[in-house]
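Heads up, the thing below is written out as structure tokens.
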Amino acid sequence: MALLPILCFPDPRLHQVARPVTQFDARLRQLVGDMLETMYDAHGVGLAATQVNVHEQVIVIDASEQRDQPLVLINPQQVWQSESRRVNEEGCLSVPGIYDGVMRHDAVHVQAQDAEGRTHRVEADGLLAICIQHEMDHLLGKVFVEYLSPLKRNRIKTKMLKAQREAGR
């Protein structure tokens, strides 16, 4: 396994729409393993392939307390969402150190495939539902800061660009 570099906002590659996975092979299993290792190393709850500059519909999540229940969602499709919604504070490995409120559905049902190509369904609420919606947005080329006001988004963009410049020195 290997740690993968995570793209940081406002990198334009974060806005690419991911394509469906069609081959369930050793390369895909390696990607999933590398993504899980990268997510755990970065202390994240979820990671979409888009964030590691792979534009395929692959998500890894572990919302468990013990960090021992990895969930792999390949080609995920939301098949149901609750009518109830609420604002929850979110962060993102691609926008380090930034947290803000985003309106999400309280519960979702998603159909996806695992790394072997087997179809499964996930019924989620709470943190897992928030994480699934957040990561699925990445596959559509959307970063959570896009839900914020233009003023907040521009402040975050400026802050991120400054941090990237300073890290490059």
Side-chain angles (χ1 to χ4, degrees), residues 1 4 6-9 14-22 24 28-29 31-52 54-150 152-153 156:
M1 301 295 143
L4 303 171
I6 298 172
L7 299 177
C8 284
F9 180 79
L14 288 168
H15 299 293
Q16 281 188 244
V17 176
R19 64 188 174 280
V21 171
T22 57
F24 294 81
L28 178 65
R29 288 186 290 282
L31 174 63
V32 167
D34 290 349
M35 287 176 61
L36 283 165
E37 185 176 346
T38 301
M39 177 190 72
Y40 288 129
D41 182 73
H43 306 290
V45 177
L47 185 67
T50 302
Q51 294 175 269
V52 294
V54 176
H55 302 283
E56 297 178 46
Q57 294 179 10
V58 180
I59 293 170
V60 296
I61 294 173
D62 191 341
S64 68
E65 296 242 351
Q66 288 75 30
R67 314 286 289 141
D68 61 354
Q69 296 175 34
L71 175 64
V72 176
L73 301 173
I74 298 174
N75 300 326
Q77 295 181 335
Q78 191 168 300
V79 294
W80 177 85
Q81 60 195 24
S82 64
E83 288 185 28
S84 60
R85 298 164 40 131
R86 71 176 47 139
V87 174
N88 298 282
E89 188 164 281
E90 292 185 24
C92 181
L93 294 177
S94 290
V95 194
I98 304 295
Y99 300 88
D100 212 316
V102 176
M103 179 75 72
R104 301 275 188 197
H105 295 278
D106 288 331
V108 294
H109 296 179
V110 175
Q111 184 169 303
Q113 292 166 288
D114 64 17
E116 304 298 326
R118 294 180 296 254
T119 300
H120 60 104
R121 186 178 175 122
V122 177
E123 297 182 3
D125 60 10
L127 177 60
L128 182 57
I130 294 164
C131 190
I132 287 172
Q133 292 169 84
H134 176 109
E135 300 306 334
M136 286 182 70
D137 275 352
H138 277 300
L139 299 182
L140 298 173
K142 189 168 189 173
V143 181
F144 90 98
V145 297
E146 293 174 51
Y147 287 101
L148 307 178
S149 72
K152 278 187 178 181
R153 194 169 47 249
I156 292 167

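Atom OG1 of Thr22 sits about 11.5 Å away from atom CD1 of Ile74, to the nearest 0.5 Å. The structure places CG of Leu4 at 10.5 Å from CG of Asp41, a figure rounded to the nearest 0.5 Å. If you take CZ on Arg85 and CE on Met103, they are separated by 5.5 Å, rounding to the nearest 0.5 Å. Distance check, rounded to the nearest 0.5 Å: CG of Leu28 to CD of Glu116 gives 8.5 Å. The CG atom of Leu139 sits 12.0 Å away from the CZ atom of Arg19 when rounded to the nearest 0.5 Å. In this structure, Ile61 CD1 and Met35 CE are separated by 9.5 Å, a value rounded to the nearest 0.5 Å.
Using a 4.5 Å cut-off on side-chain heavy atoms (C-beta onward), Val32 and Val58 make contact. When side chains are defined from C-beta on, Met39 counts as touching Asp62, because their heavy atoms get closer than 4.5 Å. For the pair Leu93 and Leu47, the minimum side-chain heavy-atom distance is below 4.5 Å. Counting heavy atoms from C-beta outward, Val143 and Val95 have side chains that approach closer than 4.5 Å. For the pair His120/Leu71, a side-chain contact is recorded, criterion being any heavy-atom separation below 4.5 Å from C-beta on. Using a 4.5 Å cut-off on side-chain heavy atoms (C-beta onward), Val52 and Leu7 make no contact.
Glu65 is linked by a salt bridge (Lys or Arg N to Asp or Glu O under 4.0 Å) to nothing, counting only residues two or more places apart in sequence or in another chain. Shown here are the salt bridge (Lys or Arg N to Asp or Glu O under 4.0 Å) partners of Asp114, two or more places apart in sequence or in another chain: Arg118. Remark: Asp106 pairs with Ser82, Ser84, Arg86 by the side chain to side chain contact (heavy atoms under 4.5 Å, CB included) rule, at least two apart or across chains.
Taking each heavy atom of Cys8 and Pro96 in turn, the nearest pair found is SG-CD, 4.1 Å. The two atoms that bring Ala124 and Ile132 nearest to each other are CB-CD1, 3.8 Å, heavy atoms only. The minimum heavy-atom distance between Ala48 and Glu135, with the atom names listed, is N-OE1, 3.1 Å. Gly101 and Val87 make their closest contact through CA-CG1, 3.6 Å (heavy atoms, listed as atom of the first residue, atom of the second, distance). Nearest heavy atom pair, residue Ala42 against residue Ile6, reads CB-CD1, 4.2 Å.
For Lys152 and Tyr147, the positive end is not near the middle of the six-membered ring at less than 6.0 Å and at most 45° from its axis.
Thr50 places no side-chain N or O within donor-acceptor distance of the main-chain N or O of Leu14, the cut-off being under 3.5 Å. One N or O on the side chain of Gln133 and one on the backbone of Ala129 form a donor-acceptor pair closer than 3.5 Å. Between the Gln111 side chain and the Gln77 main chain, no donor and acceptor come within less than 3.5 Å of each other.
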Checking Phe144 against Glu90 for the side chain to side chain contact (heavy atoms under 4.5 Å, CB included) test, could you report, in this order, the C-alpha distance in whole Å, the side-chain angles of both residues, the deciding distance, and whether it holds?
CA-CA 8 Å; Phe144 90 98; Glu90 292 185 24; 3.9 Å; yes

Note to self: Is there a side chain to side chain contact (heavy atoms under 4.5 Å, CB included) between Leu73 and Val122? Walk through the geometry before answering.
What the structure shows: CA-CA 9 Å; Leu73 301 173; Val122 177; 4.0 Å; yes

query = side chain to side chain donor-acceptor pair (under 3.5 Å) between Gln16 and His138: does it pass, once the steps are laid out?
reply = CA-CA 9 Å; Gln16 281 188 244; His138 277 300; over 6 Å; no

field: Test log, rule side chain to side chain contact (heavy atoms under 4.5 Å, CB included), inputs Val79 and Val110
entry: CA-CA 6 Å; Val79 294; Val110 175; over 6 Å; no

If you apply the rule side chain to side chain contact (heavy atoms under 4.5 Å, CB included), what do you find for Leu148 with Ile156, and how did you get there? CA-CA 10 Å; Leu148 307 178; Ile156 292 167; 3.6 Å; yes

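No more than 12 heavy-atom neighbours from other residues, nucleotides or ligands sit within 6.0 angstrom of CD on Glu83. The number of heavy-atom neighbours closer than 6.0 Å to CD of Gln78, taken from other residues, nucleotides and ligands shown, is above 12.
Checked by atom type, the side-chain pair Gln113/Asn75 shows a donor-acceptor distance below 3.5 Å. A side-chain donor from one of Ser94 and Gln51 sits under 3.5 Å from a side-chain acceptor of the other. Judged purely by distance below 3.5 Å, without hydrogens or angles, the side chains of Arg121 and His109 pair a donor atom with an acceptor atom.
A salt bridge links Arg104 with Asp137: at least one charged nitrogen is closer than 4.0 Å to a carboxylate oxygen.
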